[in-house]
Amino acid sequence: MSDGWTRPAPAFPAFPPRPGLAVEEIVGRSIVTVVARAGQEAALRAVVETALGVLLPEGPRRVAGQEIAFIGIGPGKWLAIGLPVAALAPLADVAAIVDQSGAYGVLSLTGAGARRLLGRAVAIDLDDAAFGAGSVATTIIEHVGVTLVRTAATPPAYELYVVRSYARSLAHWLHETMG
Amino acid sequence: MRILCPYCGERDAHEFSIRGEAPMTRPVVIGVPMAEAVAALHDRRNPPGRTREFWYHGAGCRSWLLVDRDLRTHEVFGATLASGAF
Amino acid sequence: MRYSALSLAWNAATGHRFWKPAWRDAEPKPAYDVVIVGGGGHGLATAFYLAKNHGVRRIAVVEKGWIGNGSVGRNTTIIRSNYLHPANTRFYEFSMKLWEGLEQALNYNVMVSQRSILNVFHSDAQRDAYARRGNAMRIAGVDAELLDTDGVRKRYPFFDFDNARFPIRGGLLQPRGGTVRHDAVAWGYARAASDLGVDIIQNAEVVGIDIQGGRAVAVETTRGRITADRIGISVAGHTSHVAAMAGLVLPIESHVIQAFVTEAVKPLISGVVTFGAGHFYISQSDKGGLVFGGDIDGYGSYAGRGNLPVAEDVAEGGMALMPAIGRLRILRNWGGVVDMTPDGSPFIDLTPVQNLYLNGGWNYGGFKATPAAGWTFAHLLATGQSHELAAAYRLDRHATGRVIDENGQGAQPNLH
Amino acid sequence: MAGGPQRLASGGATIDRGAPVRFTFDGRRLDGFAGDTLASALVANGIALVGRSFKYHRPRGLLGAGAEEPNGLVRLGAGSAVEPNTKATLVELHDGLVSSSQNRWPSLAFDVQAVNALLSPFFAAGFYYKTFMWPKSFWEKFYEPAIRRSAGLGRASGLPDPGRYDKVNAFCDVLVIGGGPAGLMAALAAGRAGARVILAEQDFVLGGRLLSERHEIDGMPSSAWSAQAAAELDGMPNVTVLRRAAVFGSYDSGTFGVVVSAAPGETGPRQTLWRIVTRSAVLATGAIERPLVFGGNDKPGIMLASAVRSYVNRFAALPGQQITLFTATDEGWNTAVDIAAAGGRVVAILDTRREVSPQLRALAPAAARIFLGADIKAGRGRLRLTAIDVVDRDGRAERIATDCLAMAGGWTPMGGMAIHLGGRLAWSERIGAPVPKSTPAMRIAGAAGGQLSLAESLASGAEAGLAAAEAAGHAAAAMAIPRSSDDVVTPFQRRPYAKTRRPAFVDFQNDVTAKDIALAVREGFAIPEHLKRYTTLGMGTDQGRTASLNAIEILADVTGHPSTELMPTSARPPETPIAIAALAGASRGEHFRPKRLPASHDWSAAHGGSFTEAGPWMRPRWYTRTGEADWLTTVNREVTTVRTSVGVCDVSTLGKLDLSGPDVAVFLDRVYTNLMSTVPVGKVRYGLMLREDGFVLDDGTAARLGETHFVISTTTANALRVTQHVEYCRQVLWPELDVSLVPVTDQWAQYAIAGPRSRDLLQALLGDRIDIGNAAFPYLAVKAFDWDGVEARLFRVSFSGELAYEIAVPASVGAAAFERLMDACVRLGGCAYGTEALGVMRIEKGHVAGSEINGQTTAADLGLGKMLSAKKDFVGKMLAQRPALAAADRPALVGLRPVDRAGRFSGGAHFLAPGATPSIEADEGWLTSVAFSPSLGHFIGLGFLRNGARRLGEQIRAYDPVRGRDTLVEVVPAAFVDPEGARLHV
């Protein structure tokens, strides 16, 4: 029995649009941490490919399939985006599967202004040559840990994963910096 | 100072925290003579030159790294995952 | 030449033509009773007290560069004795008493300025921790006061009380804390020691320690070999590699700590202040510059310079505590090399090598300790026995567990 | 005349005569133009006296026209926006600018403290160290306050800086520092080659000396050429041009710090800190001119010759009516030429050299008298230069009336940034100064590298830019060097330091004279570092730019050591002074550090929550209800409600780690002191972790959700440190164990439901979704269940000592879950409770927290010695056996209550025996945590007492002199309420 209270609450306040920059929260996205068991990375890669039709990225990259995307966040560690934890059951023999859907607030940032804004924020080279579509970086913005994903090249599009408890502080910073 | 994290790529050192010089032996386990255990945890060669230290990329991939660095110049020669350091 | 009202007037009248060097720039002799390695504040103070208190006559201080070039010339000039642990309380209070009479002892004005030190706190738990420390001080006969928010506001109305991320709930005040003109400490001790016959030998870097039959007998320097009955190492920041010349491996890491000074402004900050919610402490020099600093950079370093993130962190702490300093400009920024220990406390002790003695591991607390470190290290060098006030600063305390850990961070030097 | 009475009718490379600007200096309303600096506008208004020196309060005028300025320091702005000690030469003039002079009272022209100058025979270098010692007590009462009163130049506002600040990260292939001829060429070369270039220029216009000299490049005036180059750079997509950008430091791994200021009137941050990471840099910071040291060389009106040319050529402002030139170089003569060309009057040219070339002589304006081998015995005048006493090579003395003297003493390359990271300088005989050496990380171009002529500058800039671009992988064709007018620079001839009876200033701002240097040497301060520290030479806001080289030369003369041995070996940031606020950026006030907010935050804020910081988190301390007189009333009500009914508290802030894998139980056995492998699935166990050194690190719970699956909790304060520690154990110590670790603190919102009616609350809320009867769900049970479509976990754990549960749900529905809990809670007569009530109840139960687990205590100290398993090894076991940690007489945890139950005490009090005289030896321990217990009606406390375990029933004093209290207390067991724990199991 569900009376609608299962609907996740937004983590961020709303961001009014600005010229060349749209910031929107993506609410309710499934996010699951997948960690390969010791020595099982190859096996995991095989299972993911057969079961989900996706090649697990090496390193900090994003690879997207039909329903699911994987984001590399550490050696043998990924965030699986888009499918609920139950759908990842086939991976359970070779990986730890931990639901994090409640842990993150996710922002999508699009437009020419997005790169400029994020460039102020992260100490990472966001030049197309260094951080093109599919690039991922787990880093910090103003003392807040984030995972930044470049989802598209043109117009520049990014997703920003922030733990929920810090979302409002980060939103304040974004509001200030967007001017 | 920037460190080439073997997973994340080059990052500023402030994303990391440092545990200190890597001891040559596994630190402390029961059965080691007390003097050795005390030395393993506390003593440092601390050379005015190149050395290996444990760094933790807490703001990135959360890997423990062995960083090869010169204490006089801050030149970072490289970093590897610390798994299997002992 | 003794400094007096008369000598000053006479020299002013004669165009200052007859002043003599403050200390003799000595040539190394082949042998001494005691050789002290390191011409910093501690080394020079040790030489002075060896000559003054113990009558040792043949003393040399060998310095690799120019005297005062180490920690004594690169600190934030703070003196205090607001410690929690009895071993530290006793030692630093003794040091404070020596500071209070230093001008007269040295006939040199090192400008001891007891304008108070205030540690600001932000929570009930921090208040209790500071009360514990303040009470420990009072029990040991050291001055301490616990201020509430209004007490802090009265002294420092320009702190950020109302809009702060970590509101100020009070502070622990040591009225006798303050600052000292740091370079003058080196010069004052050098002059007084030189007057007592101590040889101060600059540009003599120690490159080897000669050990025969387990006894240290001489130092090899870039200006030749010098034999000595006793050798004392007092080379803050560089302890590890000098000790390594005697085959010693010590519980010490060298780290960089940055400090900053602003352009001079009219008096704004009366005493020394430390911020409990960030890494920041500050005072204002007699010339008007705000002198401030924060945490160590955190990584091992002999480079004597820090990096930008820590400078930013320090500035953030400063702006959080006192946003009135925002438009003042940083004029100089320097990095000092400090030897950090696993419990944040120093060593004044014998070493496993006979006749070789160590004064080191001062973390970032060495400057305020200068007189007492010199006094007690001189005692150790003269008698071979630890001075009772420094008896806890033993090299074997990590083996016994008698650690002196003021902040409870445990055996990781860079966390102290 | 528009733009000031001394404004020339035409010319001026950067001023906009169509944009008049009004400003004030010391209350006087004055006119200038957009494109002026405050300094140039003052010159144009005929104002020579701009400030007072630090020590002697001597009247001072502008010396330079740029960052080297030691004298022209003003207080800018008003109210909270005041900016003291600002170099007028670097202030971009704008309409409504308010400025005033400093360090004078009552006025600039009449300054009472100028009396100091009369005492200057006493105030020689090092004076302080020799005096103020008699009698001892006078130092503190009289001397020091007097010294402090005269401290400083400007005055800070004392009000919060109202400015906004920001930070930017940037990455490039080539960072070009300086936008003069060499910098422009370097940026053009690298930019055309396709490299990512950032060009940073401190000025608001690119061009550097090209704006101030009447050179020609490619047949056009040099200022026009630089405007053309600037336009090309501005148009390149791969080039970023930063104007008003002060590069202040070179840091490790190619990182540079730059402060970029907003243009006047620009909205947005006042200043922005750019953190630039570059593959390599080109240093093109130019050189600054050296003053000449002679008696009275500080009279207002005496300037650097290059500054005079800047004022005349760039700003069309004439600094005097009768100008003289005092030069040691050929370039100096250009000054006379430029003044004459602008219609100014050059009275005389004094060259220190005994011979000059006929070509040079031919440059002199016809009316100017020429003195060779000349020296100046004295500059004369009180508030402004009126005359100079000149001696020529034949010893003839003459007084010449003049109101402006231009000094050309050679050049000092600005190479400091090249040695921030430990590079070396080399002495150049050609220019008589130290110059930095190029490295692959930083190539030196133009005057900064001793390439003083324009042609050399342009060529070296192009070469450096190309090399830097190539090093970053951008192949480039060689670049054509533009033709430039000839300005061949003759080798520098050293001028011996002339002895004079009058004060001859080396450091203008700090009033250090040539005599002071000689005195310092006499007293043994004979190397530059000692000299600097003893005399304060070079320690002013101009960072010794105009003083350092003259000081070295004088030192060389006095000591006989060659200059090459005296040159600086290191330099440190900041290269130019930078505002503290610029380094801090936006992290200020409430936003000094980010806040973590639990999912219940909005509910708490709407229901009387009063918040406190807990590490990075904000947590409710209590929930005030209308009519409650004070916080203690509120907390007492919350505690009593929990003890008698039910309460709900957000405990999401505790750290949570999800651990799984085949070896997880083995792993946890090594991490915790007690056994975790024996915890049955579906049960929770309290656990203790030690640091490797044997002291307690943290406590928490481990819940076994499956055979190979645990979730463990940490305290709020230690969450990050424990995560790091457990990762170290996993990755470094035992990589052979197959264990995965995922931090899940943010995934789970977790709420404590405590009190005798907590089961009723859950029953009402959950019905038959989960059996929570005591049999099915006993103390320390854990179970996952479905809560109306939400994955939830229920734990039966208790911090309060009551029957209690914790329920966890994904944080994304945490707010809704908290509302459900509170609805049910309120219906039962319960309430939400905050950290204060939580604290009271844990003290009532004798549970330890951060005040006890403070990094200095052992398990035995905490009364938890039994948790050290004898059956296994674990982190910290070995070193916990060190004698001092295992000693029996360590202070141990006890409970305390006042003997007079109405009495009170506080945390931080120390224990002394009744009647004992306070002393370190008599100190027997201290109180860690104190609370008023509404359950018992009196204060209770926990503390560490020497031999505590054996002293129950004793009376002792809680001695608290910093609060003025001394309370007799009784030692009792550290559990005040339900010591048997019966309530946990009902």
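All values reported here derive from a predicted model rather than from experimental measurement. Within every chain, numbering begins at 1; the chains are lettered A, B, ... in the order of the sequence lines, protein sequences first and strands thereafter.
Side chains of C:N333 and D:P574 form a contact here, defined as non-hydrogen atoms less than 4.5 Å apart. Annotation: side chain of C:E263 is not in contact with side chain of D:L153 (no heavy-atom distance under 4.5 Å). Side-chain contact check for D:R882 versus C:R402: every heavy-atom pair is 4.5 Å or farther apart. By the 4.5 Å heavy-atom criterion applied to side chains, D:K130 and C:W19 are counted as neighbours. Side-chain contact check for D:R721 versus C:Q409: some heavy-atom pair is nearer than 4.5 Å. Inter-residue side-chain proximity for C:M111 and D:W139 is flagged as met; some heavy-atom pair is nearer than 4.5 Å. Using a 4.5 Å heavy-atom cutoff, the side chains of C:Q104 and D:K136 are in contact. In this structure, D:L583 and C:I330 have side chains that are in contact, with non-hydrogen atoms separated by less than 4.5 Å.
A salt bridge is defined here as a Lys NZ or Arg NE, NH1 or NH2 lying under 4.0 Å from an Asp or Glu carboxylate O, and C:R165 with D:E613 fails to meet this definition. Ion pair C:R132/D:D923 not flagged as a salt bridge, since none of the NZ, NE, NH1 or NH2 atoms sits closer than 4.0 Å to an Asp/Glu carboxylate oxygen. Between D:E529 and C:R74 there is no salt bridge, since no side-chain N of the basic residue sits under 4.0 Å from a carboxylate O of the acidic one. Taking a cutoff of 4.0 Å between a charged side-chain nitrogen and a carboxylate oxygen, C:R17 and D:E523 do not qualify as a salt bridge. A salt bridge does not link D:R588 with C:E316: every distance from a Lys NZ or Arg NE/NH1/NH2 to an Asp or Glu carboxylate oxygen is 4.0 Å or more.
Contact of C:R191 with chain D is not made at all, since no heavy-atom distance falls under 4.5 Å. Proximity to chain D (any heavy atom under 4.5 Å) is shown, for C:A22, by both the backbone and the side chain. Only the backbone of C:S285 comes within contact range of chain D, judged by heavy atoms closer than 4.5 Å. If you measure heavy-atom distances from D:L927 to chain C, you find no contacts under 4.5 Å at all. Contacts of C:A13 with chain D are absent, with no heavy-atom separation under 4.5 Å from either backbone or side chain. If you measure heavy-atom distances from C:D124 to chain D, the contacts under 4.5 Å come from the side chain alone. In this structure, chain D has no heavy atom under 4.5 Å from any part of C:L102. Looking at D:E590, both its backbone and its side chain come within 4.5 Å of chain C, counting heavy atoms on both sides. The part of D:F248 that comes within reach of chain C is its side chain, from C-beta onward, which places non-hydrogen atoms under 4.5 angstrom from that chain.
Looking at C:Q258 and D:R572, their side chains never bring a donor and an acceptor atom within 3.5 Å of each other. Under 3.5 Å, the side chains of D:T576 and C:R329 contain no donor-acceptor pair of N or O atoms. For the residue pair C:R305 / D:Y251, no side-chain donor-acceptor distance below 3.5 Å is found, with atom types taken as modelled.
Note that the CZ atom of C:R332 and the CD atom of D:Q543 stand 8.5 Å from one another [nearest 0.5 Å]. The distance from the OH atom of D:Y128 to the CG atom of C:N109 is 10.5 Å, given to the nearest 0.5 Å. Taken from OG in D:S157 to CG in C:L328, the straight-line distance is 8.0 Å, to the nearest 0.5 Å. Note that CG of D:D960 is 9.5 Å distant from CZ of C:R138, once rounded to the nearest 0.5 Å.
When all heavy atoms of C:D183 and D:R533 are compared, the pair lying nearest together is OD1-NH1, 2.6 Å. D:G907 and C:A131 get closest at one heavy-atom pair: O-CB, 3.8 Å.
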Verify side-chain contact (heavy atoms from CB on, under 4.5 Å) between C:D128 and D:T928, making sure each step is shown before the conclusion.
-> CA-CA 7 Å; C:D128 287 354; D:T928 54; over 6 Å; no

Before giving the answer on side-chain contact (heavy atoms from CB on, under 4.5 Å), spell out for D:R963 and C:L146 the whole-Å C-alpha distance, their side-chain angles and the decisive distance to 0.1 Å.
-> CA-CA 7 Å; D:R963 294 190 184 92; C:L146 197 67; 3.9 Å; yes

Go through the steps for D:Y129 and C:V110 under the test side-chain contact (heavy atoms from CB on, under 4.5 Å), then give the verdict.
-> CA-CA 6 Å; D:Y129 308 121; C:V110 298; over 6 Å; no

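Between chain C and the residues D:H530, D:R155, D:E83, the most heavy-atom pairs under 4.5 angstrom are made by D:H530.
Ring to ring, C:F275 and D:F592 are close: their centroids are under 6.0 angstrom apart. For an aromatic pair to be called close, the ring centres must be under 6.0 Å apart, and D:F525 with C:W66 fails this.
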